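In what follows, a structure is listed as structure tokens, so that the remarks can point back to it.
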Amino acid sequence: MVEQMSYEPEPSYPPASGSVRRGWEAVREALPLPGTVLAIDGPMILDWAALMSALPPGTLTIDMRTATVSWDQVRKRTASAERLAGDPDFATLAAGDLVDLIDELPPTPRDPDRLTVVYGPGAALTGHDQLWYADLPKRYAEHATADGAGRNIGQPSGEPGTMQRLFYIDWALLDRHRDAIAPGIGQWLDLQDPAEPRLLTGAGLRATLAWLSQSPLRTRPTFNTTSWGGHWGQEQLGMNPQARNTALGYELIAPESGILIGTRATGCVEIPFQLLVAAHPQAVLGPAVQRRFGSSFPIRFDYLDTYGGGSLSVHVHPRADTMWEVFGWSYPQHETYYVMVAAPGNIIHLGLREDADIPTFERQAHAAHDHGEPFDIGRFVQQHPAEPHQLFLVPAGTPHGSGQGNVVLEISATPYLYSLRFYDWLRRDADGHQRPVHVGHAFDNLDTSRTGGPLRDALIQKPRTVTTGAGWHEDLIGALPEMFFQVHRIELTAGATAHQDTTDRFHVLNVVAGQAVRVRTERDEHLLSYAETMVIPASAGPYTVTALGSQPARVVKAFVR
């Protein structure tokens, strides 16, 4: 095994069966014979016209996008909870299925002399002989919608889509639909490169997912920019060097993360990580976790990079009742901040001051949002030293935010679209508009019991050693009764090996200090370098972590209690 002990931005895994083919000729060679009905399903963001133009002349095509009910009906059938009616930013997650937006499926006639292709979101619902899935990762839809070029499910052409519907309506319906039809997919088509698509058979896809469900893996990391973003991801990891900043580093966020399947020689197809979890929930999550969370992977790892940037907003996340009754997610957004990089004097905002006057806090937050009046958030919210390798616990309902100059590894519950802001420093986005602040939602979810000295003792914990071995020890660094996951840290001297076991619950690892570690299971081994994140499926069982190079290593580990 060649050990390149540096951050790998494109981790990939060879197919367990077959190989990745590329090019439009490979696509055409895989097409079924005339007289066949082929359904090609996929997301709205796809350039469906370009895909249809690459098919052989004379192909009969049927556009599934015209089968949805009227736009007014689409909006009525996906309406939010009453408390979000008219909300400009949030919506209740869409329940039900994609078929709920279709009253009548189009006929799919069979012509013995030519191929019939029904295409677009929901194509798999029609009568067909073979099924393909054509895909673009979600980041493409997010960027297109932000640029005004995206379109939501059922929306008339010519109207720009909204991020609100994309996040809370479209993705919920499309993910549920894709996961349901996955067992019948005959070809997976990756169209990220429109000049050279990549193709993997459904059999190869399913064999690879079965293999990965028992093997450690990394998802493809993605770094996004924001108005507060810093430059650590660019300078230390080499990510997005031409971007404005690398504010958000998505290491593992199940609703968006992808797995690259293929090799450098053949190229890769990118498969949603969520598809792996949906296909093998018990193997990935473990039986007890699967019973509790279904096919939702409940822990995420991401970076908040304010190194050379500005402070995050001070915000709060929905508590359990609001998360379910209003937003439609079945578990709350508990978080933790693990400080990887910080200079003396840097801070973390966390919890209310003991003397916080809540009515005054609320009045000043409204005045800032409505009239652009700045105020001192430190009068109401505590500020703590951002000490490297300190973990801060952030249960739902607790005000918090990272100050400028930090790199925070956020180890959290999977919901990630529900930051309810009290104050964002009157900051404006790239277009000059004031960034959204959600004062009403924020105060509705504020836990006023998180105050003063007791808060510091509960949320800023000291390490407690739970296991030791030759040259290593493992500490519990964060746990609360109300939080369903906990965080440990494994500390190893150079060359030391720590013995671990999933005991039927998945683990997530990240190397927060040192050069790299080797993760070895009973069937394979993997390199994990500094700042990289790895999922250890529950079915992997016993494994070891060995510190590589000349330096000690620190590895954080999160799992569901």
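Not measured: the values here are computed from a predicted model.
Within the 4.5 Å cutoff, side-chain heavy atoms of Pro318 are placed close to those of Leu420. Ser227 places none of its side-chain heavy atoms less than 4.5 Å from the side chain of Arg428. Inter-residue side-chain proximity for Phe375 and Phe380 is flagged as met; some heavy-atom pair is nearer than 4.5 Å. At a threshold of 4.5 Å between non-hydrogen side-chain atoms, the residues Val326 and Leu84 count as touching. When side chains are defined from C-beta on, Val408 counts as touching Ile348, because their heavy atoms get closer than 4.5 Å. Proximity of Glu474 to Glu491: side-chain heavy atoms (C-beta onward) are nowhere separated by under 4.5 Å. Side chains of Val511 and Leu509 form no contact here, defined as non-hydrogen atoms less than 4.5 Å apart. Considering only heavy atoms from C-beta on, Lys138 comes within 4.5 Å of Asp175 through its side chain.
Within the 3.5 Å criterion, the main-chain N or O of Ala16 finds a donor-acceptor partner in the side chain of Thr208. With hydrogens and angles ignored, the 3.5 Å screen pairs no side-chain donor or acceptor of Lys557 with any backbone N or O of Val487. Although no hydrogens or angles enter the test, the distance criterion places no donor-acceptor pair under 3.5 Å between the side chain of Asn445 and the main chain of Gly397. Judged purely by atom type and a 3.5 angstrom limit, His231 has no side-chain atom pairing as donor or acceptor with the backbone of Thr246. Checking side-chain atoms of Thr226 against main-chain N and O of Trp228 turns up a donor-acceptor pair under 3.5 Å. Under a 3.5 Å cut-off, the side chain of Trp425 and the backbone N or O of Leu312 do form a donor-acceptor pair. Without hydrogens or angle criteria, Ser539 side chain to Ala283 main chain gives a donor-acceptor distance under 3.5 Å. Here the side chain of Ser412 pairs no donor or acceptor atom with the backbone of Glu335 at under 3.5 angstrom. Judged by distance alone, with hydrogens and angles left aside, the side-chain atoms of His334 form a donor-acceptor pair with the main-chain N or O of Ala396 at under 3.5 Å.
Atom CD1 of Ile536 is separated from atom OG1 of Thr502 by 9.0 Å, given to the nearest 0.5 angstrom. Rounding to the nearest 0.5 angstrom, the gap separating the CG atom in Leu205 from the CD1 atom in Ile271 is 5.0 Å.
Taking the six-membered ring for Trp and thresholds of 30 and 60 degrees, Tyr530 and Trp232 have ring planes more than 60 degrees apart, a perpendicular arrangement. The aromatic rings of Phe443 and Phe422 sit perpendicular to each other, their planes meeting at more than 60°, with 30° as the lower class boundary. Using cut-offs of 30° and 60° on the angle between ring planes, the pair His507 and Phe559 is tilted. Aromatic ring orientation, Phe167 versus Trp171: tilted (interplanar angle from 30° to 60°). A tilted orientation is assigned to the rings of Phe297 and Phe506, their planes being inclined by 30° to 60°. Taking the six-membered ring where tryptophan is involved, the planes of Tyr168 and Tyr418 are tilted, since the angle between them lies from 30° to 60°.
Salt bridge Asp321/Arg319: absent, no basic N to carboxylate O contact under 4.0 Å. Using a cutoff of 4.0 Å between basic side-chain nitrogens and carboxylate oxygens, Arg554 and Asp475 are not scored as salt-bridged. The pair Asp447-Arg450 counts as a salt bridge, with a side-chain nitrogen and a carboxylate oxygen less than 4.0 angstrom apart. Ion pairing of Glu8 with Arg264 is present here, as a side-chain N (NZ or NE/NH1/NH2) and a carboxylate O approach within less than 4.0 Å.
Counting non-hydrogen atoms of neighbouring residues, nucleotides and ligands closer than 6.0 angstrom, the CH2 atom of Trp324 reaches no more than 12 such neighbours. Within a 6.0 Å radius of OH in Tyr307, other residues, nucleotides and ligands contribute 12 heavy atoms or fewer.
Taking the side-chain hydrogen bond (donor to acceptor under 3.5 Å, both in side chains) definition, one finds that Glu532 meets it with Arg218, sequence neighbours left out.
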Assess whether side chain to side chain contact (heavy atoms under 4.5 Å, CB included) is satisfied between Asn224 and Tyr250, documenting all intermediate values.
-> CA-CA 8 Å; Asn224 292 338; Tyr250 289 174; 3.8 Å; yes
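Put simply, the residue from Leu217, Val269, Val535 that forms a side-chain contact (heavy atoms from CB on, under 4.5 Å) with Ile259 is Leu217. With respect to Asn346, the side-chain contact (heavy atoms from CB on, under 4.5 Å) criterion is satisfied by exactly one of Thr306, Val339, Asn406: Asn406. When each of His438, His400, His441 is paired with His315, the side chain to side chain donor-acceptor pair (under 3.5 Å) condition holds for His400 and for no other. Of the candidates Glu251, Glu256, Glu410, Arg300 forms a side chain to side chain donor-acceptor pair (under 3.5 Å) with just one, namely Glu410.
Figure legend: Arg523 and Trp211 shown as a cation-pi pair, the cationic atom lying under 6.0 angstrom from the six-membered ring centre and within 45 degrees of its axis.
Between the side chains of Thr222 and Arg220, at least one donor-acceptor pair of N or O atoms lies under 3.5 Å.
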